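Everything on this sheet refers to the single structure shown next.
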Amino acid sequence: QVHLKESGGGLVQAGGSLRLSCAASERAVESYAMAWFRQAPGKEREFVAHINWNGGKTSYSDSVKGRFTIARDNARLTVTLQMNMLRPTDTAVYYCAAERATYSDYVADQPYMFDYWGQGTQVTVSS
């Protein structure tokens, strides 16, 4: 069983930056694709960013493209999301997810495609 734990959320003013981290409990995630999703109050969980198993391929939602950067460090079993130029509309609980598709380069962007989830970390952007 893979456990994921997010950290780094908080309150920031519009235009500011935050860096989220996701720590995995098992080395098996080295071969898994990873992603970040977010969920705002009253809304469905939405895709934010995806990274393949070795970090060679990334994908972003249109709403964050050019502002957010996903990266991974397989030696440390961590995935990060650098968020710049934050907007109030970025306010949400951010979740880390792992897709148990070994060494796949397919870009999964729907919640049901992911096998493991963290508890989430709150990001609040004030105007």
Side-chain angles (χ1 to χ4, degrees):
Q1 181 73 14
V2 173
H3 296 282
L4 304 174
K5 183 171 178 58
E6 303 92 340
S7 61
L11 174 64
V12 64
Q13 288 189 330
S17 298
L18 280 176
R19 185 170 182 266
L20 305 183
S21 290
C22 172
S25 63
E26 302 293 332
R27 190 147 294 279
V29 299
E30 288 180 331
S31 63
Y32 296 174
M34 302 289 291
W36 289 93
F37 286 78
R38 67 187 182 186
Q39 189 166 17
K43 294 189 175 182
E44 293 187 351
R45 193 166 297 191
E46 66 169 350
F47 170 77
V48 174
H50 179 278
I51 189 165
N52 77 329
W53 65 278
N54 65 357
K57 183 176 181 180
T58 59
S59 182
Y60 300 90
S61 68
D62 287 342
S63 62
V64 307
K65 197 173 297 182
R67 301 187 297 123
F68 290 11
T69 302
I70 188 171
R72 67 188 297 161
D73 183 339
N74 281 347
R76 291 184 169 85
L77 302 183
T78 58
V79 177
T80 59
L81 185 68
Q82 177 66 43
M83 306 186 295
N84 299 328
M85 296 181 287
L86 283 161
R87 305 166 180 168
T89 51
D90 293 318
T91 295
V93 177
Y94 283 70
Y95 297 90
C96 175
E99 180 196 5
R100 197 175 55 207
T102 309
Y103 301 116
S104 171
D105 288 334
Y106 176 79
V107 178
D109 61 0
Q110 299 297 318
Y112 75 86
M113 296 176 173
F114 290 83
D115 303 284
Y116 304 105
W117 292 86
Q119 294 296 312
T121 186
Q122 176 70 46
V123 171
T124 303
V125 184
S126 63
S127 56

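All of these numbers come straight from a predicted model, not from anything done at the bench.
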Pairs flagged by side-chain hydrogen bond (donor to acceptor under 3.5 Å, both in side chains) wherever residues 2-19 is involved - sequence neighbours left out: S17-N84
Closest non-hydrogen atom pair, T91 against V125: OG1-N, 2.9 Å
Residue pairs passing the disulfide (SG to SG under 2.5 Å) test where at least one lies in residues 2-102, sequence neighbours excluded: C22-C96
Side chain to side chain donor-acceptor pair (under 3.5 Å) partners of K65, counting only residues at least two apart: D62
Salt bridge (Lys or Arg N to Asp or Glu O under 4.0 Å) partners of residues 116-127, not counting sequence neighbours, each pair once: none
Any pair counted as ring-ring contact (aromatic ring centres under 6.0 Å, His included), so long as it reaches residues 52-79, sequence neighbours left out: W53-Y103
Qualifying residues under side chain to side chain donor-acceptor pair (under 3.5 Å), relative to S126, sequence neighbours excluded: none
N/O donor-acceptor pair under 3.5 Å between N74 side chain and L77 backbone: no
Pair listing, salt bridge (Lys or Arg N to Asp or Glu O under 4.0 Å) test, anchored in residues 79-96, at least two apart: R38-D90, R67-D90
For the student: nearest non-hydrogen atoms of V29 and A24, plus distance: CG2-CB, 3.6 Å
Between CD on residue Q82 and CG on residue L18, distance to nearest 0.5 Å: 8.5 Å
In residues 107-117, what donor-acceptor pairs under 3.5 Å come from side-chain atoms, sequence neighbours left out?
unit_1 : atom_1 : unit_2 : atom_2 : d
D115   : OD2    : R100   : N      : 2.6
Y116   : OH     : R100   : NH1    : 3.1

Where S21 and T80 come nearest, the two heavy atoms and their spacing: OG-CG2, 3.8 Å
By ring pair (Phe, Tyr, Trp, His ring centres under 6.0 Å) - contacts of F47 (at least two apart): F37
Pair L4-M34, side chain to side chain contact (heavy atoms under 4.5 Å, CB included): steps then yes or no: CA-CA 11 Å; L4 304 174; M34 302 289 291; 4.1 Å; yes
Any V123 side-chain heavy atom under 4.5 Å of L20 side chain: yes
R72 (side chain) donor-acceptor with A33 (main chain) under 3.5 angstrom: no
Residues, nucleotides or ligands: over 12 heavy atoms within 6.0 Å of R76 CZ: no
Sequence-distant partners of Y106, ring pair (Phe, Tyr, Trp, His ring centres under 6.0 Å), two or more places apart: none
By side-chain contact (heavy atoms from CB on, under 4.5 Å) - contacts of V93 (at least two apart): Y95, Q122
Separation of D105 CG from N52 CG (nearest 0.5 Å): 4.5 Å
A92 to A40 - nearest heavy-atom pair and separation: CB-N, 3.8 Å
Salt bridge (charged side-chain N to carboxylate O under 4.0 Å, His left out) partners for E26, two or more places apart: none
